[in-house]
Amino acid sequence: MREGLLQIFQEIYRDLRPGAPVPELAVEFFAFVNLNNTIRMRQGKLLVRLSDLLQGAPEAVLRAIAHILLAKMYRRPIERAHATRYRRYVSGQDISRKAHLVRQVRGRKRIESPQGRTYNLEKVFDDLNQRFFYGLLARPRMTWSRDHARNRLGHYDPAHNAIVVSRIFDHPRVPGYAVEYIVYHEMLHLKHPVKLRGSRRCVHSAEFQAEEKLFPRLDQAKAFLKQL
Ligand SMILES: [Zn+2]
């Protein structure tokens with residue numbers, strides 16, 4: 001880890017929450033597809049991932065992103081000076097060009113395997129197909145997403161006839177019913193094709209919603225997704 005990065009986050013934390021004990025912190029650079037930065041709390045520990053495109057950033061920029069992430073985490077207003085400094089830096093020619101290249105290289109469509117480290121999506125699909133659809137649904141390609149997307153947990157990609165599930169679910173700490181729920185939801189999209197309304201794809205008709213309620217551990221699954 002870059003020297004001083006942890007100290008920066010600790011200092012900004014103290015500025016933002018004077019008097020509050022500084023939690024355990026881990027800050028790392030990560031090879032996201034896009035210029036992403038993430039922060040989350042796990043068992044009292046703050047985990048920060050900064051885009052590796054920021055690796056050479058000046059200290060003031062790292063302070064700015066530390067402020068932005070911590071302010072978001074603790075729902076504090078983001079100081080304009082920090083927001084501006086960060087935005088200027090990442091929209092600068094040098095960084096935008098790098099970000100563009102990285103997106104091209106890392107974002108390339110790859111053939112992904114349904115076999116994750118913990119869960120096999122084809123098995124999940126086949127099992128649900130038997131239990132809820134009399135085995136009648138044709139299985140599309142099942143793939144884990146490349147990145148650990150939190151904004152898109154699962155989706156059906158009609159262009160590739162693929163159900164894509166966010167890789168964050170491929171973990172032993174994730175209960176089986178949560179993965180099943182994500183896949184089940186996408187299977188309902190297969191069963192109830194969307195009547196396109198404008199550009200919106202994810203339309204949940206009354207029949208869709210009624211059928212979703214048949215999922216046995218719906219409340220638990222939704223509660224699990226909520227705390228992600
Ligand atoms: Zn949906």
* Flag the pair Val183 / Phe169 as yes when at least one side-chain heavy-atom distance between them is below 4.5 Å, and no otherwise. => no
* **Under 3.5 Å: donor-acceptor pair, side chain of Thr143, backbone of Val164** => no
* Donor-acceptor pair, side chain of Ser51 and main chain of Asn37, under 3.5 angstrom -> no
* Asked: Below 4.5 Å, heavy atoms only, C-beta onward: do Val48 and Leu5 meet side chain to side chain?
  -> no
* To do: May I ask you to test the Tyr86-Arg63 pair for a side-chain heavy-atom distance under 4.5 Å?
  => no
* Stepwise, does the side-chain contact (heavy atoms from CB on, under 4.5 Å) test hold for Ile163 with Leu121? -> CA-CA 9 Å; Ile163 286 177; Leu121 291 174; over 6 Å; no
* To do: Output all residues satisfying salt bridge (Lys or Arg N to Asp or Glu O under 4.0 Å) with Arg14, sequence neighbours left out; order by chain, then residue number.
  => none
* To do: Determine which pairs satisfy salt bridge (charged side-chain N to carboxylate O under 4.0 Å, His left out) with at least one residue from residues 168-186, sequence neighbours left out, and list them in order.
  => Arg131-Glu180
* For Glu79, enumerate each residue passing the side-chain hydrogen bond (donor to acceptor under 3.5 Å, both in side chains) test, keeping only those at least two apart in sequence or located in another chain. => none
* **Separation between CD of Gln10 and CG of Leu46, rounded to the nearest 0.5 Å** => 10.5 Å
* Under the salt bridge (Lys or Arg N to Asp or Glu O under 4.0 Å) test, which residues partner Arg85, sequence neighbours left out? -> none
* Got a second to check how far Leu128's CG is from His185's NE2, nearest 0.5 Å? -> 13.5 Å
* Is any side-chain heavy atom of Leu54 closer than 4.5 Å to a side-chain heavy atom of Val90? -> yes
* **Side-chain donor or acceptor of Trp144 paired with backbone N/O of Pro114 under 3.5 Å** => yes
* Asked: For Tyr184, which residues count as a side-chain hydrogen bond (donor to acceptor under 3.5 Å, both in side chains) partner, sequence neighbours excluded?
  -> none
* Could you check if a side-chain atom of Val124 sits within less than 4.5 angstrom of a side-chain atom of Met142, using non-hydrogen atoms only? => no
* List in chain and number order the residues that pass side-chain hydrogen bond (donor to acceptor under 3.5 Å, both in side chains) with Asp15, two or more places apart in sequence or in another chain; answer none if no residue qualifies. => none
* **For Ala20, all residues meeting side chain to side chain contact (heavy atoms under 4.5 Å, CB included), sequence neighbours excluded** => Tyr13, Arg17
* To do: Kindly assign one of parallel, tilted or perpendicular to the pair His189 and His204, based on the angle between their ring planes and the thresholds 30° and 60°.
  => tilted
* To do: For residues 31-51, pull every pair meeting ring-ring contact (aromatic ring centres under 6.0 Å, His included), keeping only residues two or more places apart or in separate chains.
  => Phe30-Phe32
* So, do Val179 and Thr118 sit near enough that their side-chain heavy atoms are less than 4.5 Å apart? -> no
* **Side chains of Tyr89 and Ile65 in contact at under 4.5 Å (non-hydrogen atoms)** => no
* Take atom CD in Gln227; do more than 12 heavy atoms of anything else shown fall under 6.0 Å from it? -> yes
* Return each pair, listed once, that meets salt bridge (charged side-chain N to carboxylate O under 4.0 Å, His left out) where at least one residue sits in residues 211-228; pairs must be two or more places apart or across chains. => Lys191-Glu211
* Asked: Counting heavy atoms not belonging to Arg117, are there more than 12 under 6.0 Å from its CZ?
  -> no
* To do: Could I get the full list of salt bridge (Lys or Arg N to Asp or Glu O under 4.0 Å) partners for Arg139, not counting sequence neighbours?
  => Glu122, Asp126
* Applying side-chain hydrogen bond (donor to acceptor under 3.5 Å, both in side chains), name anything that partners Tyr119, two or more places apart in sequence or on another chain. => none
* Structure fact -> OH (Tyr74) and CD1 (Ile39) are apart, to the nearest 0.5 Å, by 7.0 Å
* To do: With sequence neighbours left out, write down each residue that passes side chain to side chain contact (heavy atoms under 4.5 Å, CB included) with Ala71, or none if nothing qualifies.
  => Leu16, His67, Arg76, Ile78
* **Side-chain donor/acceptor of Arg141 to backbone N/O of Asn161, under 3.5 Å** => no
* Asked: Side chains of Phe125 and Leu190: closer than 4.5 Å at any heavy-atom pair?
  -> yes
